[in-house]
Amino acid sequence: MVKKEWNPVLKGTVWKFGENVDTDVITPGKYLDNLGECKKHVLETLDPEFPANVKVGDIIIADKNFGCGSSRETAPEILQDMGVAAVIAPSFGRIFYRNSFSIGFPLLEADNIAEFFNKGDIAEVNIETAVVKNLTTNKTIQCKEIPKILMDILKSGGQLELLKKELKARSKAEKQNK
Amino acid sequence: MSTIAEKILAKASVEKREVVKPGEYLNCNIDLAMGHIALAKVAANFMGIKKKYRKVWDNEKVVGILDHFSPAPSERWALAHQMIRKFAREQNFKYFYDIKEGICHQVLPEKGHVAPGMLIVGTDSHTTTYGAFNAASCGIGYTDMTIVFIKGTLWFRVPESQLFEINGKLDKRVMSKDIILYIAGKYGTDIGTYKSMEFVGDAMDNLSIASRMTISNMSLELGAKFGFTPPDEKIIKWLKPRTDRPLELVKPDEDAKYSETFQIEVDNLEPQVACPHSVENVKPVSEVKNVKIDQAFLGSCTNGRIEDLEIAAEILKGKRIHEDVRLIVIPASQEIWLEAAERGISKILIEAGGIIGNPNCGPCFGAHMGMLAGGENCISSSNRNFKGRMGSEKAGIYLASPATVAASALTGVITDPRDI
């Protein structure tokens, strides 16, 4: 996982996908024992160019129910690891949604987002205000704002980082009480 | 004025809330946390935590189980299993089920870990299955599970609840799987996204616990957070000999608020088939008759229970399956496997030309024991037919009930079990 400073504004090239993109086409079960090999096959059945050409900062825009299916956390993890900065869709598989924020990988929701983007457009995304701009067509879309609890997790770099912070504070308090 | 989900989440809330509303965010105490193959990643996460805090919050509220890739089909998975066994020992798990027991969602209720009103999380998406026992249960990832293991709590958004009123009498050899596939086909696989589904009505009341487990299990395929079937005496009767936990049903209030209500009549419901490559691509069996199949899979947490094996045996008794078909049967647990053996069900299935594997998740998610080559079709009693899920992305997976799987194995083409 690439650790970066918190920056709410992202800018990147768009990859476009349809409805019901499932966790099995993101990280197929048969490659789960080798995530290096798995990267060569991420989303390939939907867009064969994706595994070889995705680059750091790219943004995925999809139709409804992105990440439906399995609880495998490898799905958001591998997208983050390959450099994808965010996914925007009308809705997400609920476990994929949780898992993404858990590892500090931002998602935004807007009902009609897919209509506003084509593959290769440049998107500018503000995670904090949930405003998404298509810099290619000069259109602006307001997504649903990310709830505070999830924003706190994102800013910490994920739930594990947040937990470590909490435990550090607990440890300090325990020492002071002694 | 509360639904089942709202009542259970309020009771579980750390703040001990009386009433909660959809859209609220809560921190909740977890009653049971189940981890399977993903425990390897939880164990790895534990290594990054300060040593004095590297301890599960309550070793009696944690269950570990090895049901994926069991027994290990490769050295890599053997290593993952080894890491998990070591982690369970180090953390002093009171309940750890090694490869011999079967699939988590069957084994946990059988071993008495599940009871009405509990809030249960598991590292498997089909953890919604325990909704058939009136428990609020859902799948989470390994990072969430790491948080649960350390703190015993997790954040939840209170979901909107939907009511599915399902009435009518199912025809012979039409099963609960056909009901849930019909719903997927009619309303789409995102109909329940982020929501709690409650399935009620006389058709639901009449279903066995095993058949209801299929519905709660597949509610996840409709996007649901929880999937409750009727909270009634059948649950108490099933659980009583298996658990010492208190058995108090959580029923919705009469004036509970539902975001949507759906009415479904099942009187004339035909067996249903979900065609490649989506669970919502559902057709009545009459429209896909004569699709040639190479493999028939009877098993999984969705439909690997004794009544599923029983109906297959009823259809296959004294017959031989089609010579071009491989019939793979995997009972969902050792208890089921034993009962099938004792009652002669296994004998019928083997004599018909089937092969029976040890209880585990098997080929359902593309692990082993029946992967598909390009151009092959499989009719499966499992829960997902995503492209490439059971091997080649050029293979076709057709989801159906155990009865339809058995009938199709017999003829070599997709077949209405009522025609046998």
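Numbered from 1 within each chain, the chains take letters A, B, ... in sequence-line order. The structure presented is a predicted model; accordingly, all values stated were derived computationally and were not measured.
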Who pairs with B/His81 by side chain to side chain contact (heavy atoms under 4.5 Å, CB included), at least two apart in sequence or on another chain?
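Once residues adjacent in sequence are excluded, the partners of B/His81 under the side chain to side chain contact (heavy atoms under 4.5 Å, CB included) criterion are B/Ile37, B/Leu66, B/Phe69, B/Ser70, B/Ala72, B/Arg85, B/Ile99.
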Side chain proximity check, [X] to [Y], heavy atoms < 4.5 angstrom:
{"X": "A/Asn99", "Y": "B/Thr143", "value": "no"}
{"X": "B/Tyr25", "Y": "A/Lys148", "value": "no"}
{"X": "B/Phe386", "Y": "A/Val21", "value": "no"}

Is chain B contacted by the side chain of [X], its backbone, both, or neither, given a heavy-atom distance below 4.5 Å?
{"X": "A/Arg72", "answer": "side chain"}
{"X": "A/Leu150", "answer": "side chain"}
{"X": "A/Lys64", "answer": "side chain"}
{"X": "A/Asn20", "answer": "side chain"}
{"X": "A/Leu160", "answer": "both"}

Inter-residue atom distance [X].[atom1] - [Y].[atom2], 0.5 Å rounding:
{"X": "B/Glu393", "Y": "A/Lys30", "atom1": "CD", "atom2": "NZ", "result": "4.5 Å"}
{"X": "A/Thr45", "Y": "B/His277", "atom1": "OG1", "atom2": "NE2", "result": "8.5 Å"}
{"X": "B/Arg384", "Y": "A/Ser70", "atom1": "CZ", "atom2": "OG", "result": "5.5 Å"}

Please flag which part of [X] lies under 4.5 Å from any non-hydrogen atom of chain A: side chain, backbone, both or neither.
{"X": "B/Arg389", "answer": "both"}
{"X": "B/Trp155", "answer": "both"}
{"X": "B/Lys50", "answer": "side chain"}
{"X": "B/Ala224", "answer": "backbone"}
{"X": "B/Leu220", "answer": "side chain"}

So is A/Arg98 actually on top of B/Phe156's ring, under 6.0 Å and inside 45° of the axis?
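Cation-pi check for A/Arg98 and B/Phe156: passes.
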Run the ring pair (Phe, Tyr, Trp, His ring centres under 6.0 Å) check on B/Tyr194 and A/Phe92 step by step: do they pass?
CA-CA 9 Å; B/Tyr194 312 139; A/Phe92 294 90; 8.0 Å; no
Can A/Glu77 and B/Tyr142 be said to form a side-chain hydrogen bond (donor to acceptor under 3.5 Å, both in side chains), step by step?
CA-CA 11 Å; A/Glu77 216 171 47; B/Tyr142 37 71; 2.8 Å; yes
Would B/Lys41 and A/Thr74 count as a side-chain hydrogen bond (donor to acceptor under 3.5 Å, both in side chains) if you check the C-alpha gap in whole Å, the side-chain angles of each, and the deciding distance to 0.1 Å?
CA-CA 10 Å; B/Lys41 295 295 286 247; A/Thr74 47; over 6 Å; no
